[in-house]
Participant: 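Structure incoming, see below.
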Amino acid sequence: MSVTKVAAPPQETTRAVGRSVLGTVFKARESGIALALVVLVVFTATQNSRFLSGQSIRDILLGTSILAVLAVGQAIVVITRNIDLSVGSVLGLAAFAVGSLMRDNPGLPVIVALLAGLALGVVCGLLNGALVRFGQVPALVVTLGTLYAFRGVSYLWAGGQQINADKLPASFLQFGTASVLGVPWLVVIAVVVMVVAGVVLRNYPVGRELYAMGSSPQAARLAGIKVGRNTTIAFAVSGALAGLAGVLFAARFGTVDAAAGTGYELNVVAAAVVGGVAVFGGSGSVWGASLGALLLTVIGSALAVLDINQFWQQAIVGGLILLAIGADRLVAVRVAKALKKRDSHV
Amino acid sequence: MFDKAWHRLASWDAAVIVVTVLVVVIASGAVDNFGTGRNFTFLMLDLLPIALVALPMTFIIVTGEIDLSVASTLGLTSAVMGSMWNTGMSIESIIPLCIVLGGVLGALNGFFVTVLKLPSLAVTIGTLALYRGLAFVVLGDNAVADFPRSYTSWVTGTIGVIPNVLVPLLVLALVFGVVLHATPIGRAVFAAGASEQAARFAGVRTGRLKFWLYVVSGAVAGLAGVLWTLRYSSARADNGFGLELAVVAAVLLGGVSIFGGKGTLPGVLAGVVLLATLQNALRLQDVSNEALNVVTGVLLIVSVLLPNIVTRSRAALRRRRKVTS
Amino acid sequence: GTTKDNSGGGTNTGQSNAAADPNAPTKQGVKMAYLPKQLNNPYSDIEVSGGKAALAELKGEYKLVGPNDASASSQVSYINTLIQQQQDVIGIAANDPNAVCPSLNQARSAGIKIVAFDSDAAKDCRDVFINQATTQGIGEGLVKMASDLAGGSGEIAILSATPNATNQNAWIEVAKTTLAKPEYANLKLVKIAYGNDDDQKSFQEAQGLLQSFPNLKVIVAPTTVGIAAAARYVSSSSYKGKIAVTGLGTPNQMRAYVKDGTVKQFALWNPADIGYLAAYAGVALKSGQITGAEGQKFKAGKLGDYTIGANGEIVLGPPTVFDSNNIDKFDF
Amino acid sequence: MGRQEPGRGPLLEVRGVSKSFGAVAAVAGVSFPLYAGEAHAVVGENGAGKSTIVKVLAGVHRPDSGTLVLAGEPVEFGSPAEAKAAGIAVIYQEPTLFPDLSVAENIVMGRHPRRGLGMIDRAAIRAEAERLFARLGVRIDPARPARGLSIADQQIVEIAKALGADARVLVMDEPTAALTVVEVERLFAVARALRDEGAAIMFISHRFEEVTELCQRVTIMRDGRHVSTDPLTDVTVDEMVRRMVGRDLDALFPKQDVEPGAVVLEVDGLSREGVFRDISFSVRAGEIVAFAGLVGSGRSEVVQAVFGVDERDAGVVRVNGRKLRPHSARAAMAAGMALVPEDRRQQGLVMDLSIERNVTLPRSRALSKFGLLVGRGERREALDWTQRLRTKYGRLSDAVGTLSGGNQQKVVLAKWLAMAPKVLIVDEPTRGIDVGTKAEVHRLMSALAAEGVAVLMVSSELPEVLGMADRVLVMREGRIVAEIPRARATEDSVMFAAMGQGAVA
Ligand SMILES: Nc1ncnc2c1ncn2[C@@H]1O[C@H](COP(=O)(O)OP(=O)(O)OP(=O)(O)O)[C@@H](O)[C@H]1O
Ligand SMILES: Nc1ncnc2c1ncn2[C@@H]1O[C@H](COP(=O)(O)OP(=O)(O)OP(=O)(O)O)[C@@H](O)[C@H]1O
Ligand SMILES: [Mg+2]
Ligand SMILES: [Mg+2]
């Protein structure tokens, strides 16, 4: 008894010191990306001042907004220790569906387009969720399958059609570029999505449950969390956001065919991973994922502005993903070591 | 009754083999021009790269990991092959160098996965982008086309209706099959996939095993890159784009569990043949590419869903029987 | 060992030497399949629609197949399928002139005639090539339009299709040599960007060009996808009115931008005529009226008579330049 | 079966509950009552079915038959959420924390305090965690993540979690296994307070001092069956042990006397930061040496480092005088060492593989001809060893996961005995296996020692240690604190060393 009693006081002090160190390490993840972003922007701007012109910033933000909406959805799914590879195909399907809806009904208000995209996305997401939940099929397999299937459906539907800008109502196209108070609509929507998702994940029980599920599925079940229901919700949200992104895509680019969004899934997963969302669930944030999306977009723009051979772009993105997950791992190992040392009773 | 359910599960690959044979037989009867020697040649040539890359992929997925970078490795070796050819190197030295290059690219994956212990899905998504990007860096705008006739015609050539390249494929398939199912390495692969910890406690060096699997996967993808380049006599940075999904789909269709520990090589080969045959036959029936996509996706999901449903309904049945008895 | 220098990369020709009989009767029921670079591309849709119309006139059987991605390897699979289906003629717009070659030669040895259109396959593996215009003509035309729009001096950039695109690369080559001439000494080509014939990518590339080159005056996009995307970007950005967009585009796609002033002039041949001409050439080949040798003549319905040029090339004719005055007269 | 308690009915009653897993009847027709304001101990050997009862109460398992009666009403829990809602809080035997979430959040997961707009009240969460820790007298930063907590701290968080739920019924499955005496005292103080406020407490422990200190009533289980339920004042500890085990202890441990031979295994100065330090000992041929100590004292880590599946920071392991390469299980196996690990489901067996493959896995290299594993060599070997150990199974090609726990343990033993080891390390060799098998395993170990094998045994069961070992090494907090020869090894002397000075008072 005496042994433990004597040992107690120093233990307490070390714990108190550990807290502040830990706090900074935990925030470091997202701030690391932010730092990389700032460095990149500053460097590029010194090479070419036009990089920071109003038009350029607008273009980057517009480009980011679509990817960020998708990345937010992906982050939600990945946090629960799942993955959604079908987002690119859902985006394509929704973009075409909404495009043809608007073409055939030029009078429809934009909000209808947004709702239609969301609804279609929810349906696709629910299908994924149901297969994962009731079929007990791993998310990777399900969404790889629906990646093919949804894309196939949009090809079957669209055939060789392309919906061109001149067929779409002007109000819809304007929505793709117009601004409120100087901020483009697309950016407003992306920010709203990000804030809502971020607040729900951080401040609402259901959000915390998603983290818990990803952190330890068995423990989640024992804690009385409705794992099946929450999984379905996560996929439905990811689907809905992919659908929404489809509408934004159609409005922004004005030209839609069945191939819209092909290969997007890898960019989206990359944005989430680079943004510090752990592939095995349980940690990461939608802010991080959005930052990842912004970083990827800025890299694209910066490489163009710096007049770097565009072929390097993909290679650099790949290298960056490896760097990000590698650094993440090193931080995790450090933290684990620090914690272990602090708590060892030996 | 336990063992029956178990056997049903384990023989999913047997079911795929049966289905494949059925599809081939039905297609030969019902689809015009399917059952000809030349079509067989085309079919084999088309499935060659997928089958080749699927061999090591089977090992990797059985150990519970994944390699999504194979198609990009193929593209990068193809691009490097083109640029080396342009510098005037001899094809005899280019080919082995390309295979070694593939191995090195695989080793990088292996390093990240086994030494840094990063999730293989994330790592190989990263190298998927990296290697494809490097392929464009290497070859850029160019397509190198003037490979020696003797080599390109060997790759597209046949012995009777059997394509020449089927010979190395069959040899490799035999080697991979024997290693997986009848050697200590194969035993270790299954053990590592079903329970990494238990495998380590039984003396299996799981890290080393996985590392070398990635090396082999890269090297085979490199070989596939060489054959691809020679078949189309065209070295391009975008060669084999998107092939990784087809390979993973075929492996999963062949009964390999994405969670590791389960699967057979004959099943995987049947999966490859099934997918390729369906595509070939449906295309001859003028079914559009888009419909093929839907078929592939649905097939993939069903292939994993079905055994799940079977085992679960059997378990439910058993429970009911127990309650009534 | 076998190296580039001793491999004799260029290969012997498979050109058929059978004599042509210009008076042979035109065969009916010729089965011709179109294999464009990629399905679901509006430009190739217009092309093949011309082929469909021509085959209806000729009482042939029309068929359209193709991949969703513009890759050579998927085209090869389709060629193989067409061989199996025993088509009479294949009309192909090759994604890679060499990669499709072995398969095309297999098709030819199975008695199938090959008509390359739009984008040529290697000379020794097709019978004829329908060229939309002479490469020289297009390359020079592009430079002339750019020069007009730039007022004779300043920076211009090219937004092309894929880096491997045969046509575009040939035109760009000509454009570069043209620019080297003294009358264009003040025009400076600052960058060649590639939009991969993907709408979105082209859109972003246009965006990148304007950011990187503040003094840019003209974007020249020798591809219908590229010009539409560039025009759309410029028309919705603050660069509208400052930057001119020109190149090759379809009137329907470009009408809005001509009307709103973003685009002053651009050029194109009628894509439907390419497919139309390809069908007539294919049926003439199958009927034995031509074999693809230089100097042979055949009739091409509403387009009149054509003569085969060097290397089996058949040139459609000079492109039309569209501007706000004439654009409403065209609908394709 | 329990004595009628006049005047008041039980708060929660377990009535005739049975639960089987495949062929294993984990719990068969068990009934006992839990009264409000009373702490109720459930004791029994490993695998007696205690945790299974806990999981039935928690809504994790649905009983095959029998019912739960809560405050006079029969209830059925379809999920842990329902049990929780009914006011049952559970501390599971294995900690079930969310490693990525903060400690505070782990405590409130599933019942977050809210503020405006339904948002989580973070300040309240933190305050609650601090309040609970203060009550338990521990200092853990509520904001730190649960990842990296020591087993003891994890257990404390589990306790805080259960206390915070304000439950009517508090079920604790070996909550004290990893705790030091001080923390146990605090826990008991809190538990008593809850009990006096009218909660019903179910307490599981292998330490009888704790049972007598906290509880008023005890239920004894054996092999999944209910043996008795009595007020603690009516039974002595000896009587409890007799009922638990069901037969004479001595007959269970037929240790043959062997004259020890030369030193086979020699461990010198083995250390691993934060886990164990300066471990030195040796084992002779024919000798059985036991590691005793409290759960979490580092015994398993030591033997895993000796075998080379875990890394070590310092120290040397010699077999027959030859040094072993560190962190290489393969080198250890080549030198003739075998390890039967403590966790057979995770470490001992590859559950999805067949019995045959499991048995021959460590020897697949030796069994191959020209590198190939063809013919009947594997099967013959598997058949031979499973039969020698009297393993019950359908076919050798069945997945090992379908076997009962005891038979699984036999497969693990078969797997390692097949390689004819010179040094056999067994970690908790009889955990979770039935009484009959236990005796067989002991007989086997004894016989191997008699053949000249050096046996090193880790066990948390004192009777097993006392019955089998020639020498007992006691570990506490990562160090060897005592070496006790068979002649002087008693329950008291071993526990005294394991708990440290003054602990056994
Ligand atoms: N999920 C399961 N599947 C199969 N068998 C199980 C499962 N859970 C428990 N068992 C078996 O049921 C029996 C009772 O296990 P239980 O965990 O209830 O024992 P216990 O009394 O808690 O033992 P201990 O004192 O070691 O904690 C054991 O034989 C065990 O192997
Ligand atoms: N997952 C873990 N994370 C952190 N520390 C751990 C973990 N597992 C074990 N430890 C620590 O390692 C030490 C030794 O644990 P170990 O399981 O080896 O003990 P043991 O004496 O073998 O007990 P048992 O009877 O449970 O096997 C303990 O101090 C424990 O806190
Ligand atoms: Mg228990
Ligand atoms: Mg232990």
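Quick caveat: nothing in here was measured; it's all calculated off a predicted structure. Quick note on labels: first sequence line is chain A, next is B, and so on, each numbered from 1.
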Participant: Relative to chain A, which of D:Arg122, D:Met109, D:Arg115 shows the most heavy atom pairs under 4.5 Å?
Facilitator: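 Among D:Arg122, D:Met109, D:Arg115, the one with the most close pairs to chain A is D:Arg122.
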
Participant: To check you understand the geometry: which heavy-atom pair defines the closest contact between A:Ala223 and D:Lys84, and what is its length?
Facilitator: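 Answer, listing the atom of A:Ala223 first, then D:Lys84: O-NZ, 2.9 Å.
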
Participant: At what distance, to the nearest 0.5 angstrom, does NZ of A:Lys226 lie from OG of D:Ser79?
Facilitator: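 The OG atom of D:Ser79 is 7.5 Å from NZ of A:Lys226, to the nearest 0.5 Å.
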
Participant: Measure D:Glu105 against the heavy atoms of chain A and call it side chain, backbone, both or neither at under 4.5 Å.
Facilitator: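 When you check distances to chain A, only side chain atoms of D:Glu105 fall under 4.5 Å.
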
Participant: Taking the side chain as everything from C-beta on, heavy atoms only, tell me whether A:Tyr204 gets closer than 4.5 Å to D:Ile120.
Facilitator: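 Not in contact.
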
Participant: Which distance, rounded to the nearest 0.5 Å, do you find between the CG of A:Leu222 and the NZ of D:Lys55?
Facilitator: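 The CG atom of A:Leu222 sits 8.0 Å away from the NZ atom of D:Lys55.
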
Participant: Any idea which heavy atoms bring A:Gly282 and D:Asp100 closest together, and the distance?
Facilitator: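 Shortest heavy-atom contact: O-CB, 3.3 Å.
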
Participant: Identify the heavy atoms of D:Ala81 and A:Gly224 that sit nearest to each other, and give their distance.
Facilitator: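 Between these two residues, the closest heavy atoms are CB-O, 3.4 Å.
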
Participant: For the pair A:Ser216 (side chain) and D:Phe98 (backbone), establish whether a donor and an acceptor sit closer than 3.5 Å, ignoring hydrogens and angles.
Facilitator: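 Pair absent, no side-chain N/O of A:Ser216 close to backbone of D:Phe98.
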
Participant: May I ask you to name which of A:Arg202, A:Gln218, A:Glu209 has the most heavy-atom pairs under 4.5 Å with chain D?
Facilitator: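 Highest number of heavy-atom pairs under 4.5 Å: A:Arg202.
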
Participant: If we define contacts as heavy-atom pairs under 4.5 Å, which of A:Gly214, A:Ser215, A:Ala220 has the most with chain D?
Facilitator: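 The residue among A:Gly214, A:Ser215, A:Ala220 with the greatest pair count is A:Ser215.
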
Participant: First locate atom CZ of A:Arg208, then atom CG of D:Leu101, and finally report the distance between them rounded to the nearest 0.5 Å.
Facilitator: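 With rounding to 0.5 Å, CZ (A:Arg208) is 6.0 Å from CG (D:Leu101).
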
Participant: Which region of D:Leu97, side chain (C-beta onward) or backbone (N, CA, C, O), has a non-hydrogen atom less than 4.5 Å from a non-hydrogen atom of chain A, or is it both or neither?
Facilitator: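 Looking at D:Leu97, just its backbone touches chain A.
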
